[in-house]
Amino acid sequence: MSEFGTLTIRGLSEKPLSYSNFLSLIINYKFQFNLWHSSNKEVHIMVSPQKLIHLQNYTRAYSLPLEVMVSNVQSLIDGEQPAKSTDDSTFGWTRYYPLSAIEVFLDEILAKYPAVTTEINIGTSYEGRKIRGIKISYKEGNPGIFIEANIHAREWITSATATWLINELLSSTDEEVRSLAENHDWYIVPVLNVDGFTYTHETNRMWRKTRQPVEGSACIGADPNRNYNSHWMESNGASSNPCDETYGGPEPFSEPEVKALADYVTSIKERLNIMLAFHSYSQVLLSPYGWTSELPENHNDLTEVAKAYSDAVKELPYDTVYTYGSTANEMF
Ligand SMILES: [Zn+2]
């Protein structure tokens, strides 16, 4: 991994980069890459030095501006966690934790707040790990919010955000947070892709997919977020090549983690009003649909919520700008 670098490829200034054309050409070009970020304006790709020349030839041929974003990805990985001397015994939000520590955190929360928390067990992963979550409910009849995080294995900050949210909902004394916490039922699954997440901690920091082998291929896993039984493989963002990062799987719901999530959510759908999925990185609020650029009936409502979020974030002192729109229109 030590020599991998990441590059930004921007669309031509006079016309946006066509992501689908770009992606299919890259795939036809027969070199593997690691897609970090894509939008209709630019893509970020991690490449090995051996394959860099192919990418440069390609971008030159299509006059696509190419620039180095990170010259050595391993150096970032090496610097990600604080030094080992940091106290590892208490869970917190200054470093990233493996699945076992997140489970201990959940157990401690369940023990500390037994009146308002319930354990959720949504199912079992391909490698036999439990997919756990927590329900926080202060009273009967609240509208329900479901949050799923770390469906993509390497997106560690999403489960850190989910555990932070669990902690805030239970312990914050801020009036607005208390109101949010106590007037909604929260269903939070911090790590959905438990096998992939474990693999990123133990073997390959950049792993994204599940860990289920693919029949007839040496490549492992599917992109669980492309594996739902809803317009499966109809999006430009899903690949049928098992070696791709966005492989949709051999069939819908082939990945047990995705099937378990869908079954669980279906079982409580009458109680749910909002479903959120946390991803990284990008500052964007994506709403349905991903498979067509047509918009759902409640698009205006969704846009109103997204705008309110984006405007609120702008007020914070971090210069963070969130864009928003439907997945198909924002991403492809
Ligand atoms: Zn993701």
Side-chain angles (χ1 to χ4, degrees), residues 91 93 99 102-125 129-151 155 157-194 197 224-225 228 230 257-279 285-288 296-310 312-313 322 324:
F91 194 86
W93 292 272
L99 186 65
I102 294 174
E103 294 205 43
V104 169
F105 164 78
L106 287 178
D107 288 334
E108 285 173 356
I109 286 282
L110 288 161
K112 195 171 172 189
Y113 303 96
V116 292
T117 61
T118 323
E119 169 154 23
I120 300 173
N121 257 309
I122 72 161
T124 308
S125 70
R129 292 184 180 85
K130 269 189 189 173
I131 304 167
R132 298 179 57 190
I134 193 165
K135 179 186 175 187
I136 300 171
S137 178
Y138 281 81
K139 62 178 191 312
E140 288 282 315
N142 277 336
I145 300 176
F146 193 98
I147 294 174
E148 156 257 295
N150 247 150
I151 192 170
E155 297 169 8
I157 202 160
T158 64
S159 51
T161 304
T163 51
W164 177 83
L165 191 59
I166 291 167
N167 191 52
E168 285 294 305
L169 291 171
L170 291 162
S171 68
S172 172
T173 52
D174 181 285
E175 240 175 72
E176 286 188 55
V177 177
R178 291 270 37 89
S179 169
L180 274 172
E182 292 170 23
N183 295 303
H184 301 82
D185 281 356
W186 299 83
Y187 301 80
I188 302 176
V189 176
V191 182
L192 182 76
N193 183 0
V194 283
F197 184 72
N225 209 32
Y228 288 99
S230 171
E257 302 82 5
V258 181
K259 178 78 168 75
L261 178 67
D263 286 348
Y264 182 79
V265 168
T266 303
S267 76
I268 56 164
K269 67 177 182 186
E270 303 306 328
R271 285 181 265 157
L272 289 183
N273 295 64
I274 293 173
M275 173 124 189
L276 297 172
F278 290 167
H279 290 262
L285 294 143
L286 297 172
S287 54
E297 247 175 56
N298 63 345
H299 179 70
N300 290 344
D301 284 353
L302 295 169
T303 303
E304 208 176 304
V305 173
K307 184 179 183 315
Y309 179 89
S310 177
V313 169
Y322 268 79
Y324 44 87

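Listed by chain and number, the residues in a side-chain hydrogen bond (donor to acceptor under 3.5 Å, both in side chains) with Trp93 are Thr163 (sequence neighbours excluded). With sequence neighbours excluded, no residue forms a salt bridge (Lys or Arg N to Asp or Glu O under 4.0 Å) with Lys135. Applying the side chain to side chain contact (heavy atoms under 4.5 Å, CB included) rule to Glu168 yields the partners Trp164, Ser172; only residues at least two apart in sequence or on another chain are considered. Looking at residues two or more places apart in sequence or on another chain, you find no side-chain hydrogen bond (donor to acceptor under 3.5 Å, both in side chains) involving Asp301. Taking the ring-ring contact (aromatic ring centres under 6.0 Å, His included) definition, one finds that Tyr138 meets it with nothing, sequence neighbours left out. Taking the side-chain hydrogen bond (donor to acceptor under 3.5 Å, both in side chains) definition, one finds that Glu182 meets it with Arg178, sequence neighbours left out. Applying the side-chain hydrogen bond (donor to acceptor under 3.5 Å, both in side chains) criterion to Thr303, with sequence neighbours excluded, gives His299. Considering only residues two or more places apart in sequence or on other chains, Arg271 meets the salt bridge (Lys or Arg N to Asp or Glu O under 4.0 Å) condition with none of them. For Lys307, the salt bridge (Lys or Arg N to Asp or Glu O under 4.0 Å) criterion is met by Asp311, not counting sequence neighbours.
Legend: ring-ring contact (aromatic ring centres under 6.0 Å, His included) pairs involving residues 258-279, not counting sequence neighbours, sorted by first then second residue: His152-His279. Applying the salt bridge (charged side-chain N to carboxylate O under 4.0 Å, His left out) test to every pair with at least one member in residues 139-148, sequence neighbours left out, gives no pairs at all.
Distance alone, capped at 3.5 Å, is enough to place a donor-acceptor pair between the Thr161 side chain and the Ile157 backbone. Within the 3.5 Å criterion, the main-chain N or O of Ala306 finds no donor-acceptor partner in the side chain of Ser310. Side-chain N or O atoms of Thr158 include one that pairs as donor or acceptor with a backbone N or O of Asn150 at under 3.5 Å.
In this structure, Ile102 CD1 and Asp107 CG are separated by 12.5 Å, a value rounded to the nearest 0.5 Å. The CZ atom of Phe146 sits 13.5 Å away from the CD1 atom of Ile274 when rounded to the nearest 0.5 Å. Interatomic distance, CG of Leu165 versus OG of Ser159, reported as 12.5 Å (0.5 Å rounding). Between Ile131 atom CD1 and Thr124 atom OG1 the span is 7.0 Å, to the nearest 0.5 Å. Rounding to the nearest 0.5 Å gives a distance of 11.5 Å between CD of Glu297 and CG of Leu302.
When every heavy atom of Ala162 is checked against every heavy atom of Pro190, the shortest pair comes out as CB-CA, 3.9 Å.
The residue from Leu170, Ile134, Ile147 that alone fulfils the side chain to side chain contact (heavy atoms under 4.5 Å, CB included) condition with Trp186 is Ile147.
In this structure, the side chains of Ile166 and Phe105 come closer than 4.5 Å at one or more pairs of heavy atoms.
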Can I get a per-line list of side-chain donor-acceptor pairs under 3.5 Å for residues 112-123, giving both atom names and the distance, sequence neighbours left out?
residue: Thr117; atom: OG1; partner: Tyr113; partner atom: O; Å: 2.6
residue: Glu119; atom: OE2; partner: Arg132; partner atom: NE; Å: 2.7
residue: Glu119; atom: OE2; partner: Arg132; partner atom: NH2; Å: 3.1

